[in-house]
Amino acid sequence: GLAASGVPLVAEVNPAHPSLPGAPTLPVAAEVVIETPLVTYDPGPVGTAFTRIGEHVAALIRDGDTVQLGLGRVQPAVLSALTVAGTRFSLHGGMLSTAALPAIEAGGVERIVAGMVLGNAALYARVPTLDNLALLPVAQTHGAAVLARIPNLVAVNSALAVDLAGQATSESLAGRAVSAAGGIDDFQRGARASAGGRAILALPSTARGASRIVAALPAGTRISVTAPNADIVVTEHGVAHLRGQTLAERARRLTAIAAPEHRDTLRAAACAA
């Protein structure tokens with residue numbers, strides 16, 4: 001099964017539910033059955049900027065890679081580009097969503113490991129028929145040791161802002177906390193530790209006219225990815241490979257993928273640093 005194909009699965013069997021490896025158990029005092037529709041999730045329209053981001057990211061993914069994708073509009077953009085390109089890949093992450101369905105139906109997805117499923121009715125109807133899907137606990141979907149053992153793991157996560165050193169936040173705007181970190185640290189570090197792995201941060205170059213590539217993150221910003229762990233940053237304007245680069249070269253590469261109208265300001269800030 002999945003373990004034989006290269007994805008390390010080391011969960012213990014739950015004796016109460018032997019068909020669910022590693023499933024947690026809780027004592028049950030009473031059971032209440034409620035008939036209600038499952039929660040659905042729609043990231044919204046992708047748009048031109050995210051479409052270009054998806055194409056840039058997909059170009060970094062090779063046949064046979066294992067891909068992790070966070071939620072949001074980056075995920076459907078990347079999956080759509082991979083499907084168009086005919087790339088064959090596996091999915092490993094915290095969540096399986098509707099955006100994966102076209103790639104699944106096209107036969108491009110070899111294996112799927114996820115912690116949960118969140119999407120639309122079509123996805124919920126399809127999941128019970130997937131014989132290449134394993135739903136596993138967080139220790140298996142996010143565990144650093146597990147991720148590091150997956151060869152060619154490509155982690156693709158969104159960021160709200162990235163500074164010229166490569167450190168990023170997915171939690172703060174203007175120094176104010178707006179979100180939790182989620183699994184970004186797990187997957188970015190896990191992909192860097194993977195043999196042949198790549199850790200990608202993907203974001204549009206601007207939001208409401210302001211650059212999301214910034215000279216420095218504001219005071220009070222929660223750092224989700226530290227500068228030493230920065231690997232690859234992608235915007236609609238291109239790809240910046242940061243691993244092993246000097247701070248000056250990082251600043252040059254990140255400025256090159258910022259929105260054109262903000263590049264002069266970023267260059268001046270880098271020279272003044």
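Since the structure is predicted, the reported quantities are computational estimates derived from the model, not experimental observations.
At distances below 3.5 Å, at least one donor-acceptor pair connects side-chain atoms of Ser194 with backbone N or O atoms of Ile150. The main-chain N or O of Ser90 is never found under 3.5 Å from a side-chain atom of Thr66 such that the two would form a donor-acceptor pair. At least one donor-acceptor pair closer than 3.5 Å links the side chain of Thr246 to the backbone N or O of Glu249. The backbone N or O of Ile223 lies less than 3.5 Å from no partner atom in the side chain of Thr221, so there is not a single donor-acceptor pair.
Sequence neighbours left out, not one pair with a member in residues 28-43 passes side-chain hydrogen bond (donor to acceptor under 3.5 Å, both in side chains). Residue pairs satisfying the ring pair (Phe, Tyr, Trp, His ring centres under 6.0 Å) criterion with at least one member in residues 124-153, sequence neighbours excluded, are listed as follows: His142-Phe187. For residues 202-238, no residue pair satisfies the ring pair (Phe, Tyr, Trp, His ring centres under 6.0 Å) rule, not counting sequence neighbours. Within the structure, salt bridge (charged side-chain N to carboxylate O under 4.0 Å, His left out) contacts touching residues 193-215 (residues at least two apart or in different chains) are Asp65-Arg198. Judged as a ring pair (Phe, Tyr, Trp, His ring centres under 6.0 Å), not a single pair has a partner in residues 239-263 (not counting sequence neighbours).
From Leu79, atom CG reaches atom OG of Ser97 across 7.0 Å, with rounding to the nearest 0.5 Å. One distance of note links CG of Leu118 with OG1 of Thr98; it measures 7.5 Å at 0.5 Å rounding. Atom CD of Glu55 sits about 8.5 Å away from atom OG of Ser80, to the nearest 0.5 Å.
In terms of hydrophobic clustering, with Ile, Leu, Val, Met, Phe, Trp and Tyr side chains grouped at heavy-atom distances under 4.5 Å, Ile257 and Ile200 are assigned to different clusters. Taking hydrophobic clusters as Ile, Leu, Val, Met, Phe, Trp and Tyr residues chained together by side-chain heavy-atom distances below 4.5 Å, Leu71 does not share a cluster with Val138. Residues Met116 and Leu135 are members of one and the same hydrophobic cluster, defined by side-chain heavy-atom contacts under 4.5 angstrom among Ile, Leu, Val, Met, Phe, Trp and Tyr. In this structure, Val214 is not a member of the same hydrophobic cluster as Leu201, with clusters built from ILVMFWY side-chain heavy atoms closer than 4.5 Å. There is a path of hydrophobic side-chain contacts, each under 4.5 Å, that joins Val74 to Leu91.
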Mind listing the side-chain donor-acceptor pairs of residues 43-51 below 3.5 Å, one per line with the distance, residues two or more places apart or on another chain?
residue	atom	partner	partner atom	Å
Thr51	OG1	Gly47	O	2.8

Can you give me every donor-acceptor pair (side chain of residues 153-168, partner residue at least two apart or in another chain, under 3.5 Å) with its distance?
residue	atom	partner	partner atom	Å
Asn157	OD1	Gln188	NE2	3.1
Asp163	OD1	Ala165	N	2.9
Asp163	OD1	Gly166	N	3.1
Asp163	OD1	Gln167	N	3.1
Asp163	OD2	Gln167	NE2	2.8

Quick one: side chains of residues 56-64, donor-acceptor pairs under 3.5 Å with protein atoms, not counting sequence neighbours, listed by atom name and distance.
residue	atom	partner	partner atom	Å
His56	NE2	Glu236	O	3.2
Asp63	OD1	Arg88	N	2.8

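Of all the heavy atoms in Ala258 and Leu266, the pair that sits closest is CB-CD1, 3.5 Å. Nearest heavy-atom pair, Arg149 versus Pro151, reported as atom, atom and distance to 0.1 Å: O-CD, 3.2 Å. Between Ala99 and Gln75, the shortest heavy-atom distance links the atoms CB-OE1, 3.8 Å. Ala103 and Thr83 make their closest contact through CB-OG1, 3.3 Å (heavy atoms, listed as atom of the first residue, atom of the second, distance). Pairing each heavy atom of Leu96 with each of Ala100, the nearest pair is CD1-CB, 3.7 Å.
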Check against side chain to side chain contact (heavy atoms under 4.5 Å, CB included), Glu261 and Thr206: CA-CA 10 Å; Glu261 64 271 24; Thr206 61; 4.1 Å; yes
Side chain to side chain contact (heavy atoms under 4.5 Å, CB included) assessment of Ile232 paired with Val234: CA-CA 7 Å; Ile232 302 170; Val234 176; 4.1 Å; yes
Side chain to side chain contact (heavy atoms under 4.5 Å, CB included) between Leu242 and Leu254, intermediate numbers included: CA-CA 9 Å; Leu242 306 182; Leu254 287 165; 4.0 Å; yes
Chi angles and distances behind the side chain to side chain donor-acceptor pair (under 3.5 Å) call for Ser205, Thr235: CA-CA 6 Å; Ser205 62; Thr235 73; 5.2 Å; no
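Not a single side-chain hydrogen bond (donor to acceptor under 3.5 Å, both in side chains) links Thr141 to another residue, sequence neighbours left out. Take Arg192 and apply the side-chain hydrogen bond (donor to acceptor under 3.5 Å, both in side chains) test, not counting sequence neighbours, and it matches no residue. For Arg263, the salt bridge (charged side-chain N to carboxylate O under 4.0 Å, His left out) criterion is met by no residue, not counting sequence neighbours. A search for side-chain hydrogen bond (donor to acceptor under 3.5 Å, both in side chains) contacts involving Glu105 returns Arg126, not counting sequence neighbours.
Contact of the Thr255 side chain with the Ile213 side chain is not registered, since no non-hydrogen atoms from C-beta on lie closer than 4.5 Å. Residues Val225 and Ile184 are in side-chain contact: their nearest non-hydrogen atoms beyond the backbone lie under 4.5 Å apart. In this structure, Asn229 and Asp231 have side chains that are not in contact, with every pair of non-hydrogen atoms separated by 4.5 Å or more. Using a 4.5 Å heavy-atom threshold, the side chains of Leu203 and Val233 count as touching.
For the side-chain contact (heavy atoms from CB on, under 4.5 Å) test with His92, the passing option among Val113, Ile112, Val67 is Val113; the others fail.
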